[in-house]
Amino acid sequence: MTTTVKTVRDLAVKKERREKITMLTAHDAAFGALVEQAGVDLILVGDSLGMVALGYDSTVPVTMAEMIHHAKAVRRGVKQTLLVGDLPFLSYQVEAREAIRNAGRFLKEAGCAAVKMEGGAEIAPILAAVVRAGIPVIGHIGLTPQTAGQLGGFKVQGRDAESAAKLAHDAQALASAGACALVLECVPALLARRISAELSIPTIGIGAGPHCDGQVLVTHDLLGLFTRFVPKFAKQYASLAGEAGAALAAFRREVEKGTFPAAEHSFGPLDE
Ligand code: KIV
């Protein structure tokens, strides 16, 4: 029997029992329901929705209003799986009171159980203030897409000794600040193993190898629905963009030929 994650505290229980944690993204009610049916532990309303749903080139332009709109939609499709709201760029970095207000909106308006914020030791005081306000927080280090420009682009982080030591330090700082879990994005597998072993809170990897306490993927990547670029770490379990494109083109052809709608899609006789 695997542990059912009913509250964020169950994440630590899963780590203790060496049961892997699963998290996937959703940004609307339909995908929220599908992800819940798959039985994952956590559903992340990630700011990646800015790229896969809103057509932005990065996650930087995503606003709190957009995140709350999508988190509420996911909430309507999800019955019991814990939702995590992703704090968008500049909704939490400026000062703790603003971070608490914005994090609180995910809980009060969208029924989220926790929020996620990107950043290392530099955001630990803000993360601690949000936790003190009673809001569970998942940290996110390694490749942090909101500040990818500063990191030299969408690159693996922690490859040399100095940046590996910084990541290990960041992980400790966030855990000490009260984070309930930590996303490790694009980190070498052995560094992720070391960080996972050193922390009592669980790590959830994306492009961080198999030794993390759990794994997260962007659902659109997993389903092959987002084809603008496919990161190396994103295993495509399906190629739905191709199937969707073929279905849409078949509709157009059939309407043009007059074979759709047929009798079974119509009401009453087709001819007098
Ligand atoms: O926004 C997102 O979907 C994320 C995941 C990549 C962890 O932050």
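Quick caveat: nothing in here was measured; it's all calculated off a predicted structure. All residue numbers refer to positions in the sequence shown, counting from 1. As the structure lists them, so they are numbered: ligands from 1, and atoms in each ligand from 1.
Heavy atoms from other residues, nucleotides or ligands lying under 6.0 Å from NE2 of His211 number more than 12. The number of heavy atoms from other shown groups lying within 6.0 Å of CD (Glu122) is above 12. In the displayed structure, Glu95 atom CD is contacted under 6.0 Å by more than 12 heavy atoms of other residues, nucleotides or ligands.
Within the 3.5 Å criterion, the main-chain N or O of Glu66 finds a donor-acceptor partner in the side chain of Thr63.
Identified under the side-chain hydrogen bond (donor to acceptor under 3.5 Å, both in side chains) test for residues 241-251, with sequence neighbours left out: none.
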With the criterion set at N/O pairs under 3.5 Å, what does the list of contacts between the protein and ligand 1 look like, atom names and distances included?
residue: ligand 1; atom: 1 (O); partner: Asp47; partner atom: N; Å: 3.1
residue: ligand 1; atom: 1 (O); partner: Asp47; partner atom: OD1; Å: 3.0
residue: ligand 1; atom: 1 (O); partner: Ser48; partner atom: N; Å: 3.0
residue: ligand 1; atom: 1 (O); partner: Ser48; partner atom: OG; Å: 3.4
residue: ligand 1; atom: 1 (O); partner: Asp86; partner atom: OD2; Å: 3.2
residue: ligand 1; atom: 3 (O); partner: Ser48; partner atom: OG; Å: 2.6
residue: ligand 1; atom: 8 (O); partner: Lys116; partner atom: NZ; Å: 2.9

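Defined by atom type and a distance below 3.5 Å, a donor-acceptor pair is present between the side-chain atoms of Thr81 and Glu36.
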